[in-house]
Amino acid sequence: MLTPEFPTDPAKAFALQRRLAQQVRLEPCPKRVRRIAGCDAALSPDGQEVVGVAVLLDFPDLTVLHHEVRRARLEMPYVPGLLSFREGPALLAAIRALPETPDLLMVDGAGIAHPRRLGIAAHLGVLLDLPSVGAAKSRLCGKDVQPGPLRGESAPLVDRGELVGCILRTRDGVKPLYVSPGHRCDISGAAYWVLACGKGLRLPEPTRWADRLAGEAKRAMGADPHSEDE
DNA sequence: GCGACAG
DNA sequence: ATCTTGTCGC
């Protein structure tokens, strides 16, 4: 089950990122959002597959309405900057399987705060032409600057002289998140949505649920590499 | 050439 | 990502 959408050859992946990065549109984030999809992935117990999860939450309730899980074989080793070519296939399938098209995607990973300005959040946003936000737990690029200690405080994330996102404190005194817009969104909007989706915990609800559900799906696999097909 | 490096 | 128990703090 090959995925021409995500080339396995690093050279082709780099070229594709540079091409898709030109399609990213930085603009004001939508204000009328009713449905948000949280996305995250985990590795199968045998490490041969990726388990992608897309959780649909409503806004502003932040209630979980639905979630989809999709698996995809790993064809490429992890290479910083090429994460979307590993998790992309499974996440894309999970998002497409949702009963409703979300108004916004919130992904565990980078948006444009990426060496070629196409982190997984931006990549998925462009492929689906949906507004997206990247909320990473650690830094991929840019200068690491510590924001104020209180929830809501932030510091600009600058990479090679370019403002690509912000380092946002989502919880008092806790390690900040590296937030950057994906597609059809901007830096302030990305930070706004991450905070608006937060309940005082470090991770915003969409990503927090996706992370938890991916972990459950992983455990449910136990030592059974496979049990069915699509 | 030497580090840094989402998940 | 993943390997992993208890422990400090609100």
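Keep in mind that this is a model prediction, so the values were computed, not measured. Chain A is the first sequence line, chain B the second, and so forth, proteins listed ahead of strands; every chain is numbered from 1.
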- Does the distance from a Lys or Arg side-chain N to an Asp or Glu carboxylate O, for A/Arg151 and A/Glu153, drop under 4.0 Å? no

- Show your reasoning for whether salt bridge (Lys or Arg N to Asp or Glu O under 4.0 Å) applies to A/Asp58 and A/Arg34. CA-CA 6 Å; A/Asp58 70 342; A/Arg34 297 306 184 98; over 6 Å; no

- Message: Classify A/Arg86 by what it touches in the nucleic acid, base, sugar-phosphate, or nothing, heavy-atom distance under 4.0 Å.
- Response: base

- Message: Taking 4.0 Å as the cut-off, does a side-chain nitrogen or oxygen of A/Lys137 come that near to OP1 or OP2 on B/dG7?
- Response: yes

- Query: A/Ala110 has a side chain; which of B/dG7, C/dT2, B/dA6 sits nearest to it?
  - Reply: B/dA6

- Query: Within the stacking criterion (centroid distance below 5.5 Å, interplanar angle below 30°), does A/Tyr178 stack on B/dA6?
  - Reply: no

- Item | Positive for side chain to side chain contact (heavy atoms under 4.5 Å, CB included) with A/Phe85, one of A/Val79, A/Thr8, A/Leu16 | A/Leu16

- Message: Side chain of A/Ala136 only, heavy atoms from C-beta on: which candidate in C/dT2, B/dA4, B/dA6 is closest?
- Response: B/dA6

- Task: May I ask you to verify if any side-chain N or O of A/Lys218 is less than 4.0 angstrom from the OP1 or OP2 atom of C/dA1?
- Result: no

- At under 4.0 Å between heavy atoms, what does A/Gly81 touch on the DNA or RNA strands: base, sugar-phosphate, or nothing? base

- Below 4.0 Å: OP1/OP2 of B/dG7 and any side-chain N or O of A/Ser138: yes

- Message: What contact category does A/Leu83 fall into here, base, sugar-phosphate, or nothing, at under 4.0 angstrom with non-hydrogen atoms?
- Response: base

- Name the nucleic acid region contacted by A/Leu118, choosing base, sugar-phosphate or nothing; use a 4.0 angstrom heavy-atom cut-off, strictly under. nothing

- Task: Name the nucleic acid region contacted by A/Lys143, choosing base, sugar-phosphate or nothing; use a 4.0 angstrom heavy-atom cut-off, strictly under.
- Result: nothing

- Query: So, A/Asp129 and A/Arg184, do they make that salt bridge, N to O below 4.0 Å?
  - Reply: yes

- Task: Give the nucleotide from the list C/dA1, B/dA6, B/dG7 with an atom nearest to the side chain of A/Glu87.
- Result: B/dG7

- Message: Can you measure A/Asp46 atom CG to C/dC3 atom P for me and round it to whole angstrom units?
- Response: 13 Å

- Query: Given A/Asp159, which of A/His114, A/Arg117, A/Lys143 fulfils the side chain to side chain donor-acceptor pair (under 3.5 Å) condition?
  - Reply: A/Arg117

- Determine: side-chain N/O of A/Arg139 to OP1/OP2 of B/dC5, distance under 4.0 Å, yes or no. yes

- Task: Mind checking A/Ala42 for me? I need base, sugar-phosphate or nothing, with any heavy atom below 4.0 Å counting as a touch.
- Result: sugar-phosphate

- Nearest-Å distance, NE2 (A/His114) to P (B/dA4)? 19 Å

